[in-house]
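Step one of this worksheet: look at the structure below.
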Amino acid sequence: MKAPEISPNFTIEDIHKIREYNEERRASMSEEEFSAEIHASAVYAEARIREARERRLAKTRVKMEKVV
């Protein structure tokens with residue numbers, strides 16, 4: 001299965017190509033593979049959210065230290 005070629009302008013057709021590609025990928029996967037991929041994506045997203053929160057808190061602490 002070949003990944004779709006996306007145009008530089010990202011058109012509606014590109015969205016349809018991506019959707020169809022994802023549907024084909026999903027159909028070719030077992031339930032275990034699909035679950036593992038979804039879980040990996042969720043873990044990645046949670047880590048990114050955690051990092052963003054930590055950066056935001058660090059900035060807030062620096063601002064608070066300057067005030068005090």
Side-chain angles (χ1 to χ4, degrees):
M1 182 177 343
K2 184 180 165 191
E5 292 184 25
I6 306 302
S7 70
N9 299 330
F10 197 74
T11 63
I12 296 293
E13 288 79 25
D14 293 326
I15 293 171
H16 291 298
K17 288 178 192 175
I18 293 168
R19 182 185 49 78
E20 290 169 4
Y21 171 75
N22 286 335
E23 286 177 3
E24 289 175 14
R25 273 189 61 238
R26 170 62 184 107
S28 68
M29 295 174 130
S30 69
E31 280 297 317
E32 293 81 22
E33 290 172 324
F34 181 69
S35 294
E37 185 173 308
I38 296 298
H39 179 72
S41 295
V43 168
Y44 174 76
E46 288 173 354
R48 295 296 307 253
I49 291 168
R50 191 176 315 111
E51 291 169 5
R53 285 180 179 156
E54 289 171 0
R55 282 192 306 271
R56 187 183 67 211
L57 287 173
K59 287 181 182 179
T60 302
R61 285 188 200 117
V62 169
K63 288 178 182 178
M64 293 300 291
E65 289 173 358
K66 288 180 181 179
V67 171
V68 175

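In this text, all values refer to a predicted model and were calculated from it rather than measured experimentally.
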Practice problem: Would you check, one step at a time, whether the test side chain to side chain contact (heavy atoms under 4.5 Å, CB included) holds for Ile18 with Ile15? | Solution: CA-CA 5 Å; Ile18 293 168; Ile15 293 171; 5.7 Å; no

Quiz item: Got a second to check how far Glu33's CD is from Ser28's OG, nearest 0.5 Å?
Solution: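 Taking CD in Glu33 and OG in Ser28, the distance rounds to 7.5 Å.
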
Quiz item: In Å and rounded to the nearest 0.5 Å, what is the NZ to CD distance from Lys2 to Glu24?
Solution: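 Those atoms lie 12.5 Å apart.
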
Quiz prompt | Test applied, side chain to side chain contact (heavy atoms under 4.5 Å, CB included); reference residue, Tyr21; option that passes from Glu23, Lys17, Arg19, Arg25 | solution =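 So, applying the side chain to side chain contact (heavy atoms under 4.5 Å, CB included) to Tyr21 and each of Glu23, Lys17, Arg19, Arg25, only Arg25 qualifies.
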
Does a sphere of radius 6.0 Å around [atom1] in [X] hold more than 12 heavy atoms from other residues, nucleotides or ligands, not counting ones at 6.0 Å or beyond?
{"X": "Glu5", "atom1": "CD", "answer": "no"}
{"X": "Tyr44", "atom1": "OH", "answer": "no"}
{"X": "Ile38", "atom1": "CD1", "answer": "yes"}

Self-check item: Phe10-Ile12 co-clustered via ILVMFWY side chain contacts under 4.5 Å
Solution: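 In one cluster with Phe10: Ile12, yes.
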
Quiz item: Is Arg50 salt-bridged to Glu54, going by a charged N under 4.0 Å from an acidic O?
Solution: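 Looking at Glu54 together with Arg50, the answer is no, because their closest N to O distance does not fall below 4.0 Å.
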
